[in-house]
Chemist: 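Got a structure for you, questions after.
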Amino acid sequence: LTATPLSSSSPEQGDAEKSMSGPGSSIKKEKTNAAMRSRAIECLGSAWPAGEVATQRKTIDNLVALFATSITASVWRVRVAITASVGKILIKISPVVGSLNNSRAIIELVKVLRVGADDIKFHQVRESSVAGVLALCNRAAKDETVARMCQPATALLRALLRHLRDDTDPATAQKAAVAQLELEKWKSE
């Protein structure tokens, strides 16, 4: 895995290419590329192994870098896949791996979810972000070791949930409120 952006062109460049091309040709290609990228990202999150500490250690830094560099440059469909994959990784990450470097991976993954939560146009991206936070908060509320792993990211999580609790999408706001309640159940210091 390499940490390169999924798209080599900026969003503005893509818009310029669409306007210069003939009807449908570039748009069809962009939709196909976005669909393939989102499926590839979904596969990364789904295939990331739970309980395989050695594999997690080898791959976590590259995945974090990939998601962090791709979340801002991607089309909404890919941003949904990225935030969903981040949620899957947060559910699977071993506390041994997640606690490395003062929980740097956890902090960076929460920052990726924050970028998704700040998406003002697409509620699907915000809802996918809050689903990942909710999964992590549920896990940490039940497992003291996971809560300790997440402790360095607690302030980021609280700010993220405060932001999403007031979301215009009712499902997103509700999940944020539930996640906030779960966060308060954590048993770590």
Side-chain angles (χ1 to χ4, degrees), residues 1-7 11 37-38 40-120 122 124-141 143 145-164 172 175-176 179-180 182-183 186 188:
L1 295 174
T2 58
T4 57
L6 292 176
S7 174
R37 285 183 294 189
S38 71
I41 294 288
E42 288 170 5
C43 287
L44 286 173
S46 296
W48 202 64
E52 294 291 331
V53 174
T55 303
Q56 286 187 3
R57 273 192 182 142
K58 288 179 188 174
T59 60
I60 189 66
D61 290 335
N62 287 330
L63 283 174
V64 169
L66 174 67
F67 295 152
T69 57
S70 300
I71 189 72
T72 57
S74 300
V75 296
W76 76 270
R77 188 178 303 168
V78 177
R79 287 194 306 271
V80 169
I82 290 169
T83 53
S85 291
V86 166
K88 289 175 185 176
I89 287 172
L90 289 171
I91 290 170
K92 298 177 194 177
I93 194 166
S94 165
V96 172
V97 175
S99 297
L100 293 174
N101 300 321
N102 200 24
S103 300
R104 188 182 64 78
I106 300 297
I107 291 168
E108 292 304 315
L109 291 172
V110 170
K111 287 179 181 179
V112 169
L113 292 177
R114 178 58 194 235
V115 173
D118 288 339
D119 190 308
I120 58 173
F122 296 101
Q124 298 93 330
V125 180
R126 297 189 309 271
E127 189 172 8
S128 180
S129 289
V130 78
V133 175
L134 178 57
L136 178 63
C137 289
N138 283 335
R139 183 177 175 211
D143 187 338
T145 310
V146 174
R148 273 194 305 273
M149 169 187 76
C150 296
Q151 196 61 40
T154 303
L156 293 171
L157 287 167
R158 287 182 202 274
L160 173 60
L161 291 172
R162 271 193 306 273
H163 173 68
L164 287 170
T172 301
K175 285 179 184 174
Q180 203 167 32
E182 289 299 308
L183 183 74
W186 290 9
S188 70

Chemist: To the closest 0.5 Å, what do you measure between CZ (R37) and OG (S70)?
Modeler: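 Output value for this atom pair is 9.0 Å.
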Chemist: V115: which residues meet the side-chain contact (heavy atoms from CB on, under 4.5 Å) condition with it, sequence neighbours left out?
Modeler: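 By the side-chain contact (heavy atoms from CB on, under 4.5 Å) rule, V115 matches I71, T72.
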Chemist: Roughly how far, to the nearest 0.5 Å, is NZ of K58 from CD of E52?
Modeler: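 Atom-to-atom, E52:CD and K58:NZ are 10.5 Å apart.
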Chemist: Does anything in residues 83-119 form a ring pair (Phe, Tyr, Trp, His ring centres under 6.0 Å)? List the pairs, not counting sequence neighbours.
Modeler: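 Pairs touching residues 83-119 that pass the test: none.
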Chemist: Identify every side-chain donor-acceptor pair in residues 95-103 under 3.5 Å, counting partners at least two apart or on other chains, and give the distances.
Modeler:
unit_1, atom_1, unit_2, atom_2, d
S99, OG, P95, O, 2.7
S103, OG, G98, O, 3.4
S103, OG, M149, O, 2.5

Chemist: Mind listing the closest non-hydrogen atom pair of A140 and V146 along with its distance?
Modeler: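 Looking at all heavy atoms of both residues, the shortest contact is CA-CG1, 3.8 Å.
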Chemist: To the nearest 0.5 angstrom, please state how far the CG atom of L136 sits from the CG atom of L157.
Modeler: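 Here the rounded value is 6.0 Å.
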Chemist: In chain order, what residues pass the side-chain contact (heavy atoms from CB on, under 4.5 Å) check against L156, with sequence neighbours excluded?
Modeler: I107, V110, K111
Chemist: Under the salt bridge (Lys or Arg N to Asp or Glu O under 4.0 Å) rule, what pairs show up with a residue in residues 150-159, not counting sequence neighbours?
Modeler: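 Listed once each, the pairs are R158-E184.
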Chemist: The test is side-chain contact (heavy atoms from CB on, under 4.5 Å); show your working for I89 and I60 and say whether it passes.
Modeler: CA-CA 9 Å; I89 287 172; I60 189 66; 4.0 Å; yes
Chemist: Would you compute the distance between atom CG of L63 and atom CD1 of I93 and round it to the nearest 0.5 angstrom?
Modeler: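 Reported value, rounded in 0.5 Å steps: 9.5 Å.
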Chemist: Show me the pairs that pass ring pair (Phe, Tyr, Trp, His ring centres under 6.0 Å) and involve residues 62-114, at least two apart or across chains.
Modeler: W76-F122
Chemist: Let's go through L66 and L44 carefully: what are the C-alpha distance in whole Å and the side-chain angles of both, what is the deciding distance for side-chain contact (heavy atoms from CB on, under 4.5 Å) to 0.1 Å, and is it a yes or a no?
Modeler: CA-CA 11 Å; L66 174 67; L44 286 173; 3.6 Å; yes
Chemist: Could you note down all residue pairs passing ring pair (Phe, Tyr, Trp, His ring centres under 6.0 Å) where residues 88-120 supplies at least one of them, sequence neighbours left out?
Modeler: none
Chemist: Between atom CG of L134 and atom CG of L113, what is the distance when rounded to the nearest 0.5 Å?
Modeler: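 That separation rounds to 11.5 Å.
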Chemist: With sequence neighbours excluded, give me every salt bridge (Lys or Arg N to Asp or Glu O under 4.0 Å) pair touching residues 92-106.
Modeler: D61-R104
Chemist: Could you pull out the closest heavy-atom pair between I106 and A153, with the gap in Å?
Modeler: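 For I106 versus A153, the nearest heavy atoms are CG2-CB, 4.0 Å.
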Chemist: To the nearest 0.5 Å, what is the distance between CD on E182 and CG on N138?
Modeler: 4.5 Å
Chemist: Suppose we screen for side-chain contact (heavy atoms from CB on, under 4.5 Å). Which residues come up paired with A68, at least two apart in sequence or across chains?
Modeler: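 Once residues adjacent in sequence are excluded, the partners of A68 under the side-chain contact (heavy atoms from CB on, under 4.5 Å) criterion are V112.
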Chemist: Who are the side-chain contact (heavy atoms from CB on, under 4.5 Å) partners of A155, not counting sequence neighbours?
Modeler: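 Partners of A155 under the side-chain contact (heavy atoms from CB on, under 4.5 Å) test: none.
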Chemist: Applying salt bridge (charged side-chain N to carboxylate O under 4.0 Å, His left out), name anything that partners R114, two or more places apart in sequence or on another chain.
Modeler: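 So R114 forms a salt bridge (charged side-chain N to carboxylate O under 4.0 Å, His left out) with D118.
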Chemist: Going by atom type alone, with no hydrogens or angles, which donor-acceptor pairs under 3.5 Å involve a side-chain atom of residues 80-88 and a protein atom two or more places apart or on another chain?
Modeler:
unit_1, atom_1, unit_2, atom_2, d
T83, OG1, R79, O, 3.0
T83, OG1, V80, O, 3.0
T83, OG1, S128, OG, 2.6
S85, OG, I41, O, 2.7
S85, OG, A81, O, 3.0
K88, NZ, S46, OG, 2.9

Chemist: For T55 and W48, run side-chain contact (heavy atoms from CB on, under 4.5 Å): C-alpha distance rounded to whole Å, both residues' side-chain angles, the deciding distance at 0.1 Å, then the answer.
Modeler: CA-CA 8 Å; T55 303; W48 202 64; 5.7 Å; no
Chemist: What pair of heavy atoms forms the shortest contact from W186 to C137, and how long is it?
Modeler: NE1-O, 3.3 Å
